[in-house]
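One is the number of the first residue; the rest follow in order along the sequence.
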Amino acid sequence: MIGNVPTLTLTVSILSATVVCFKRFQLEIPNGDKVPNPCNKNELWTAVGHTNIEGGGRRNPFGQVFQNQKTWGGMLCDSDSDGDGMTNGAELGDPDCDWVKGRTPKRTENITHPGICEPMDSERCKEKNSWLRCPEDPNAFCPELSKPDVKSLDLKLDKTRVPATSTTWMCQILPWPEEGDFHVIGSKPLVDNADVTHHMIVFGCGSTVSQRPGPYQCNMVPDRECQDILLTWTMGSKGECLHKEEGFRMGSKGYTHVALQVHWNNINQRSTYVDGSGIQVFYTNKLRKYDSVIMVVGQKYLELPPNAPVVTVNSSCPAFCTENMFQKPIFITRAVNHMHTLGKKQQVALYRDGGFVQNITNDEVYDYNSPFFYRFDKPIEVRPGDEIRTTCTYSTVGINRTIFYGVSIKDEMCYSFLTYFPHQRSYTQFCTTFKDTQVCKRYLPRLQGVYDDCSWRAFINGKDMTAVEMTKRVVTECGKTDSCSASCSDALDVMSKHPCMHGEIHGYVSEKWPMMKQVRAYRKMCMNPPDVSNPSSAGAKAEDSKSGSAHLSNNYLAVISAVMLFLRSIVV
């Protein structure tokens, strides 16, 4: 202990000398202790003659003149050291150069820096200030984050090895660690491995969510209890800043758990990557007026043809959805579009009673690496019964394959994320479409899984016994030969009348039903249905359809066996 005392004393002495030294030089010039920092008008430039605000190192243009003269007056006062058109005396409040040390200068307000050319963004000053490096205010995009009542919390994945696959979604459920009632008002990214981190989302979870030990691979929604999107980050974003009247409710009266989701894009499929990325959230116990949440609109089915200069995809969140999702008007405060690298333009527009109201987003030029974040100081009102239309435009020139919807950067997306208040605890925050099928309608609680008379989940899972019997008949009749027959055509016709096989829901069912591939093959075989009243015509028309069904003749037994096995498994 005794041996450390001299070192400590020496350190204190050096620091004291430095402070005294700065103060002494400040007293040698008028208003030397009142010179503002042009990079941040809320703080002072302590060492007026140095390039470093705190002193030491190189001297700025004013400091170079001061070093030669050391006393006020003459050249030091009359010179325009920084070349902005004002003398040093005029900038420091002594335009007549008659100030005497120890007296009050003629002017003590509106002092400017005699060593930094202003205005800094002028062409003349940019060159003269080439030495100046203004530190970027990390909270410049959201000054509210710097308020004294605001705390921060890091939500990060445990360090995890990234799988050697092109795309992985990794999730981790985390408890809100502090007792009380809070609003999250902003966020910043904490990117640990920029080589793989594609985007991140924080979901709010219900109170009954099951805790899981550490990170786990997940899908687009991390858990059935974690449906509400709160915060997002994608490449090019500095973070999020919520409207002054809203916040995401956390704690005793809000979400008690969150799910952090990190999307890894491991293009080279390397096995050596490790990542622990996350999002830093900023929160306060000074609650704002409204709770808010994020709604997702867009199209979840994409099939973009190769080498097409322009491909346009549409989606609608119709009146039916907004009437059922919201009990009263909502107010959109922020929005951001999301496509991948083939995306060229994206627009989200609001319609009321069939008429255009306004654009919510309108990216005439979309850049995946630099998305535009819309903020509405005057929030956009959306009423129950309004329609929100999304249009995504792509170019696949130079791409020699069909591009589908997917989470990989090699696939595409068509989404927009809309932050709104007040949060109305809707049964879903996804107003997206799959082809023409509305997500909001599929999951509307009062419909109990029935979409336009189609029990879609039962149909897809083989629990709709009517559909099962229809399918058996199709397989039996169409599998007798490798060409169309009147009985096959009739079975297909009966099947086509099932509620799940036409209308809006058919687009969804056709992609999710395991038997659809076989049914399509049989339909192709009977593209020109025979005249049932004239059996002799069946043979001729079947002959015409052989080119469309040749693949059935080669693997006829395999197809029939697979189909019947599937039917037996679902009936059991």
Side-chain angles (χ1 to χ4, degrees), residues 142 144 181-186 201-204 206 227-232 240-250 253-255 286-299 314-338 346-363 372-391 414-433 438-447:
C142 191
E144 296 288 316
D181 195 16
F182 307 97
H183 264 157
V184 169
I185 63 169
I201 301 177
V202 174
F203 293 78
Q227 299 272 348
D228 292 350
I229 296 176
L230 305 183
L231 298 164
T232 64
E240 296 198 84
C241 185
L242 273 68
H243 189 275
K244 62 183 179 181
E245 292 191 326
E246 69 180 347
F248 300 126
R249 197 68 166 263
M250 304 300 302
K253 295 184 179 180
Y255 301 104
K286 291 186 177 180
L287 298 180
R288 295 178 170 185
K289 189 174 181 179
Y290 299 106
D291 294 342
S292 57
V293 73
I294 292 178
M295 177 171 72
V296 184
V297 295
Q299 177 60 259
N314 297 300
S315 176
S316 171
C317 175
F320 176 89
C321 290
T322 59
E323 284 173 348
N324 285 281
M325 291 173 65
F326 310 120
Q327 299 80 50
K328 55 186 177 181
I330 63 170
F331 296 87
I332 296 174
T333 59
R334 300 182 305 151
V336 60
N337 293 327
H338 183 70
Q346 186 171 349
Q347 179 189 71
V348 179
L350 177 65
Y351 285 77
R352 184 170 297 141
D353 299 323
F356 174 78
V357 177
Q358 71 176 96
N359 285 327
I360 299 173
T361 70
N362 190 21
D363 289 348
F372 186 81
F373 294 84
Y374 294 81
R375 296 184 61 183
F376 309 110
D377 292 331
K378 182 181 179 182
I380 297 174
E381 181 186 25
V382 178
R383 302 172 186 172
D386 285 354
E387 180 187 9
I388 301 173
R389 299 180 187 176
T390 303
T391 304
C414 174
Y415 285 134
S416 188
F417 299 90
L418 313 177
T419 305
Y420 74 87
F421 67 75
H423 185 186
Q424 299 180 37
R425 303 292 177 184
S426 173
Y427 65 97
T428 182
Q429 299 299 338
F430 287 82
C431 199
T432 57
T433 52
Q438 299 291 337
V439 168
C440 85
K441 193 171 180 179
R442 278 201 295 124
Y443 289 104
L444 183 59
R446 64 179 172 83
L447 296 182

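Among all heavy-atom pairs drawn from Thr390 and Gly298, the shortest one is OG1-N, 4.0 Å. Leu418 approaches Ala335 most closely through the heavy-atom pair CD2-CB, 3.6 Å. The heavy-atom pair separating Leu350 from Glu381 by the smallest distance is CD2-O, 3.4 Å. Counting all heavy atoms, side chain and backbone alike, Asn359 lies closest to Ile380 at O-CD1, 4.2 Å. A pairwise comparison of heavy atoms in Phe248 and Leu231 identifies CE1-CD2, 3.5 Å as the closest pair. Of all heavy-atom pairs spanning Leu242 and Gly186, the tightest one is CD1-N, 4.2 Å.
Counting heavy atoms from C-beta outward, Arg249 and His183 have side chains that approach closer than 4.5 Å. Under the 4.5 Å side-chain criterion, counting only non-hydrogen atoms from C-beta, Ile229 is in contact with Phe430. Taking the side chain as every heavy atom from C-beta outward, Phe417 and Val348 never approach each other to under 4.5 Å. Looking at heavy atoms from C-beta onward, Tyr427 lies in side-chain contact with Leu444 at the 4.5 angstrom threshold. Inter-residue side-chain proximity for Ile332 and Phe376 is flagged as met; some heavy-atom pair is nearer than 4.5 Å. At a threshold of 4.5 Å between non-hydrogen side-chain atoms, the residues Asn324 and Arg446 count as touching. The closest side-chain heavy-atom distance from Ile294 to Arg334 is below 4.5 Å. No side-chain heavy atom of Phe320 sits under 4.5 Å from any side-chain heavy atom of Gln438.
In this view, Gln424 and Phe326, Gln327, Lys328, Ile330, Pro422 satisfy the side-chain contact (heavy atoms from CB on, under 4.5 Å) rule, not counting sequence neighbours. With sequence neighbours left out, the side-chain hydrogen bond (donor to acceptor under 3.5 Å, both in side chains) criterion links Arg425 to no other residue.
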*Would Glu387 and Ser316 satisfy side-chain hydrogen bond (donor to acceptor under 3.5 Å, both in side chains), going step by step from the backbone distance to the final call?*
CA-CA 7 Å; Glu387 180 187 9; Ser316 171; 2.7 Å; yes
*Kindly determine whether Cys440 and Cys317 satisfy disulfide (SG to SG under 2.5 Å), including the steps that lead there.*
CA-CA 8 Å; Cys440 85; Cys317 175; over 6 Å; no
_Before you tell me yes or no, could you show the steps for Ser315 and Thr433 under side-chain hydrogen bond (donor to acceptor under 3.5 Å, both in side chains), namely the whole-Å CA-CA distance, both residues' side-chain angles and the distance that decides it to 0.1 Å?_
CA-CA 6 Å; Ser315 176; Thr433 52; 2.7 Å; yes
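Between Ile185 and the options Glu240, Lys286, Lys244, Arg288, a side chain to side chain contact (heavy atoms under 4.5 Å, CB included) holds for only Arg288.
Aromatic pair Tyr420/Phe331: centroids not less than 6.0 angstrom apart.
At least 2.5 Å separates the SG atom of Cys321 from that of Cys431.
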